[in-house]
**Q** 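There's a structure below that I have some questions on.
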Amino acid sequence: MTAIIVEDEESGRETLKNYLASYCPEVTLLGMADSVKTGVELVHKTKPDIVFLDVEMPFGNGFDLLEQVGECNFEVVFVTAFSNYAIKALNLSASYYILKPVDIDELIEAVQKIKQNKVKSNQPDHTKILIENLKNVNKLSKKITLPILDGFEVISLSDIIRCEAQDNFTEFHLVNGKKLLICRTLKFYEECLTEFDFVRVHKSHLININFVTKYTKGKGGYITMSDNTHVEVSPTKKDEFLGKFV
């Protein structure tokens, strides 16, 4: 596989270059760039399989680069310092990312996943979904990529009524009555979705407040959802939930 690095800090570029040479022999580095402008030019010139892309750069960010490139016929591995905004966007689209300082194991894992997906015909278009989400002003028009046993499904947030914990899995309940059991914890999806009108009301329940039809008082009380299910509210979560309707 061929790759380029777009990173504004020279030390970051050199570190990643050396790691790729030492630990990812299947990747051939075609070049490096230090800004959005030079990164776009390098993408068009080299047409790589993978772009290792810094999220925050002077005079723009990695997302700006993706918009300016146009059609993205490559996979992106984002390299970023921890940022709630960036990480939530990346998690929603199931994009590949590595936190700074770069961890060798995370780098190897990202490259291996891309290598495996290249031989599959049903790989998700992470980058396209990510760009749609970033550009979309309407929160519930955003989408999330959910990994399932034989591939993935792209779901609009407006189609999710609630999520329920099933041990280390999460069961998604959708407006069409469909259920999806996803191999990730409810805590993971809580962190992804709480700014998009979802609220954790119980250790086992994350709900979309747009589908609440009734609240019944009690110690914690319970919620009736649009699919006529009753969801218990923990006493410790009661005030947070009711605060969404004040």
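For the numbers below, each heavy atom of this structure counts, side chains included, while hydrogens, waters and symmetry mates do not.
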**Q** Between Ser35 (side chain only) and Thr38 (backbone N and O only), is there a donor and an acceptor less than 3.5 Å apart?
**A**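 Yes.
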**Q** Looking at every heavy atom in both Thr213 and Ser226, which two are closest together, and how far apart are they?
**A**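 Scanning both residues, the minimum pair turns out to be CG2-CA, 3.7 Å.
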**Q** So, Asn18 and Ser22: side-chain donor and acceptor under 3.5 Å apart, yes or no?
**A**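 Asn18 vs Ser22: no donor-acceptor pair found between side chains.
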**Q** Roughly how far, to the nearest 0.5 Å, is the CG atom of Asp34 from the CG atom of Leu42?
**A**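 One gets 10.5 Å once the value is rounded to the nearest 0.5 Å.
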**Q** Are any non-hydrogen side-chain atoms of Leu20 and Phe52 less than 4.5 angstrom apart?
**A**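 Side chain of Leu20 against side chain of Phe52, heavy atoms only: contact under 4.5 Å found.
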**Q** Within the 4.5 Å heavy-atom criterion, are Leu66 and Phe74 side-chain neighbours or not?
**A**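 When only atoms from C-beta onward are counted, Phe74 and Leu66 do touch, with a gap below 4.5 Å.
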**Q** Within the distance-only criterion (no hydrogens, no angle test), does the side chain of His44 pair as donor or acceptor with the backbone N or O of Val69 below 3.5 angstrom?
**A**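 Yes: the side chain of His44 pairs with the backbone of Val69.
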**Q** With sequence neighbours excluded, what pairs up with Glu109 under the salt bridge (Lys or Arg N to Asp or Glu O under 4.0 Å) test?
**A**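 Only Lys113 meet the salt bridge (Lys or Arg N to Asp or Glu O under 4.0 Å) criterion with Glu109.
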**Q** Check Pro48 against Val43 and note the closest heavy-atom contact, atom names and distance.
**A**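 So the minimum-distance heavy-atom pair works out to CD-O, 3.7 Å.
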**Q** Backbone N or O of Thr2 within a donor-acceptor pair of the Asp49 side chain at under 3.5 Å?
**A**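 Yes, the answer is positive, given that a donor and an acceptor are paired below the 3.5 Å cut-off.
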**Q** Could you pull out all residues at least two apart from Glu9 that satisfy side chain to side chain donor-acceptor pair (under 3.5 Å)?
**A**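 Result, side chain to side chain donor-acceptor pair (under 3.5 Å) vs Glu9: none returned.
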**Q** Kindly write out the residues that satisfy salt bridge (Lys or Arg N to Asp or Glu O under 4.0 Å) with Lys203, not counting sequence neighbours, or none if the list is empty.
**A**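 Expected list: none.
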**Q** With a cutoff of under 4.5 Å between side-chain heavy atoms, which Ile, Leu, Val, Met, Phe, Trp and Tyr residues group with Leu149?
**A**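 Members alongside Leu149: none; it stands by itself.
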**Q** Any heavy-atom pair between the side chains of Ser158 and Asn210 that's under 4.5 Å?
**A**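 When only atoms from C-beta onward are counted, Ser158 and Asn210 do not touch, as no gap falls below 4.5 Å.
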**Q** Atom CD1 in Ile114, atom CD1 in Ile50: separation rounded to 0.5 Å?
**A**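 It is 4.0 Å, given to the nearest 0.5 Å.
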**Q** For Glu106, what residues pass the salt bridge (Lys or Arg N to Asp or Glu O under 4.0 Å) criterion, not counting sequence neighbours?
**A**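 Listed in chain order: nothing, the list is empty.
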**Q** Hydrophobic clusters here meaning ILVMFWY residues chained together by side-chain heavy-atom distances under 4.5 Å, can you tell me if Val27 and Tyr23 are in one?
**A**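 Yes, one cluster joins them.
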**Q** Test: salt bridge (charged side-chain N to carboxylate O under 4.0 Å, His left out). Region: residues 17-29. Which pairs qualify, not counting sequence neighbours?
**A**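 The answer is none; no pair qualifies.
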**Q** Output the distance between atom OG1 (Thr80) and atom NZ (Lys100), rounded to the nearest 0.5 Å.
**A**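 Separation between the atoms: 7.0 Å.
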**Q** Going only through I, L, V, M, F, W and Y residues with side-chain contacts under 4.5 Å, is there a path from Val111 to Ile104?
**A**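 Per the 4.5 Å side-chain linkage, Val111 and Ile104 are co-clustered.
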**Q** Give me the one residue out of Glu190, Glu191, His205 that meets side-chain hydrogen bond (donor to acceptor under 3.5 Å, both in side chains) with Arg200.
**A**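 The side-chain hydrogen bond (donor to acceptor under 3.5 Å, both in side chains) with Arg200 is passed solely by Glu190 among Glu190, Glu191, His205.
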**Q** Name all pairs fulfilling the salt bridge (charged side-chain N to carboxylate O under 4.0 Å, His left out) condition that reach into residues 235-246, sequence neighbours left out, sorted by first residue then second.
**A**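 Residue pairs with at least one partner in residues 235-246: there are none.
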**Q** Let's go through Tyr189 and Phe198 carefully: what are the C-alpha distance in whole Å and the side-chain angles of both, what is the deciding distance for ring pair (Phe, Tyr, Trp, His ring centres under 6.0 Å) to 0.1 Å, and is it a yes or a no?
**A** CA-CA 10 Å; Tyr189 288 111; Phe198 286 76; 9.9 Å; no
**Q** Are Leu53 and Leu65 side-chain neighbours, meaning at least one heavy-atom pair lies under 4.5 Å?
**A**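 When only atoms from C-beta onward are counted, Leu65 and Leu53 do touch, with a gap below 4.5 Å.
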**Q** Surrounding CG of Asp167 (heavy atoms of other residues, nucleotides or ligands, distance under 6.0 Å), is the total greater than 12?
**A**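 No, CG of Asp167 has 12 or fewer neighbouring heavy atoms, counting only those of other groups under 6.0 Å.
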**Q** Determine which pairs satisfy salt bridge (charged side-chain N to carboxylate O under 4.0 Å, His left out) with at least one residue from residues 223-233, sequence neighbours left out, and list them in order.
**A**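 Every salt bridge (charged side-chain N to carboxylate O under 4.0 Å, His left out) pair that includes a residue of residues 223-233, provided the two are not neighbours, is Arg162-Asp227.
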**Q** Taking the hydrophobic residues Ile, Leu, Val, Met, Phe, Trp and Tyr, and joining any pair whose side-chain heavy atoms are under 4.5 Å apart, which ones share a cluster with Val199?
**A**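 Besides Val199, the hydrophobic cluster comprises Ile161, Val175, Val201, Ile207, Ile209, Phe211, Val212, Tyr215, Ile223, Met225, Val231, Val233, Phe241, Leu242, Phe245, listed by chain and residue number.
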**Q** Does any pair with a residue in residues 38-47 pass salt bridge (charged side-chain N to carboxylate O under 4.0 Å, His left out), and if so which ones, sequence neighbours excluded?
**A**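 Every pair satisfying salt bridge (charged side-chain N to carboxylate O under 4.0 Å, His left out) with a residue in residues 38-47: Lys37-Glu41.
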**Q** For the CG atom of Leu107 and the CD1 atom of Ile98, what is their distance to the nearest 0.5 Å?
**A**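 These two atoms lie 4.5 Å from each other.
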**Q** Would you say Asn208's side chain and Ile160's backbone share a donor-acceptor pair under 3.5 angstrom?
**A**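 It does hold such a pair.
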**Q** Can you check whether Glu7 reaches Leu16 side chain to side chain, under 4.5 Å on heavy atoms?
**A**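 In short, these two side chains do not touch, never coming nearer than 4.5 Å.
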**Q** Sequence neighbours excluded, which residues qualify as ring pair (Phe, Tyr, Trp, His ring centres under 6.0 Å) partners of Tyr222?
**A**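 Only His230 meet the ring pair (Phe, Tyr, Trp, His ring centres under 6.0 Å) criterion with Tyr222.
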**Q** Side chains of Lys143 and Leu157, heavy atoms from C-beta outward: is any pair under 4.5 Å?
**A**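 No, side chains not in contact.
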**Q** Can you tell me how far CE of Met1 sits from CG of Leu29, rounded to the nearest 0.5 angstrom?
**A**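 Atom-to-atom, Leu29:CG and Met1:CE are 12.5 Å apart.
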**Q** Could you grab the distance from atom CD of Glu171 to atom CG of Leu174, nearest 0.5 Å is fine?
**A**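 Rounded to the nearest 0.5 Å, the CD-CG separation comes to 10.0 Å.
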**Q** Evaluate the side-chain proximity of Val36 to Gln68: yes if any heavy-atom separation is below 4.5 Å, no if none is.
**A**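 Touching, per the 4.5 Å side-chain cut-off.
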**Q** Search all heavy atoms of Cys163 against all heavy atoms of Thr170 and return the closest pair with its distance.
**A**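 Heavy-atom minimum between the residues: CB-CG2, 3.8 Å.
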**Q** Can we say Glu75 and Lys115 salt-bridge, meaning some charged N sits less than 4.0 Å from an Asp/Glu carboxylate O?
**A**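 Salt bridge flag = no for Lys115 with Glu75.
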**Q** Is there a continuous path of hydrophobic side-chain contacts, each under 4.5 Å between heavy atoms, that joins Leu181 to Leu193?
**A**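 No; Leu193 is not reachable from Leu181 via cluster members.
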**Q** Apply side-chain contact (heavy atoms from CB on, under 4.5 Å) to Thr15 and list each qualifying residue two or more places apart in sequence or on a separate chain.
**A**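 Once residues adjacent in sequence are excluded, the partners of Thr15 under the side-chain contact (heavy atoms from CB on, under 4.5 Å) criterion are Tyr19.
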**Q** Side chains of Asn168 and Thr185: any donor to acceptor distance under 3.5 Å?
**A**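 No - no donor-acceptor pair under 3.5 Å links their side chains.
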**Q** Could you check if a side-chain atom of Phe188 sits within less than 4.5 angstrom of a side-chain atom of Ile182, using non-hydrogen atoms only?
**A**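 No - every pair of side-chain heavy atoms lies 4.5 Å or more apart.
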**Q** Is Ile5 reachable from Val102 through a run of I, L, V, M, F, W or Y residues, each pair having side-chain heavy atoms under 4.5 Å apart?
**A**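 Yes, because Val102 and Ile5 connect within a single hydrophobic cluster, where side-chain heavy atoms sit under 4.5 Å apart.
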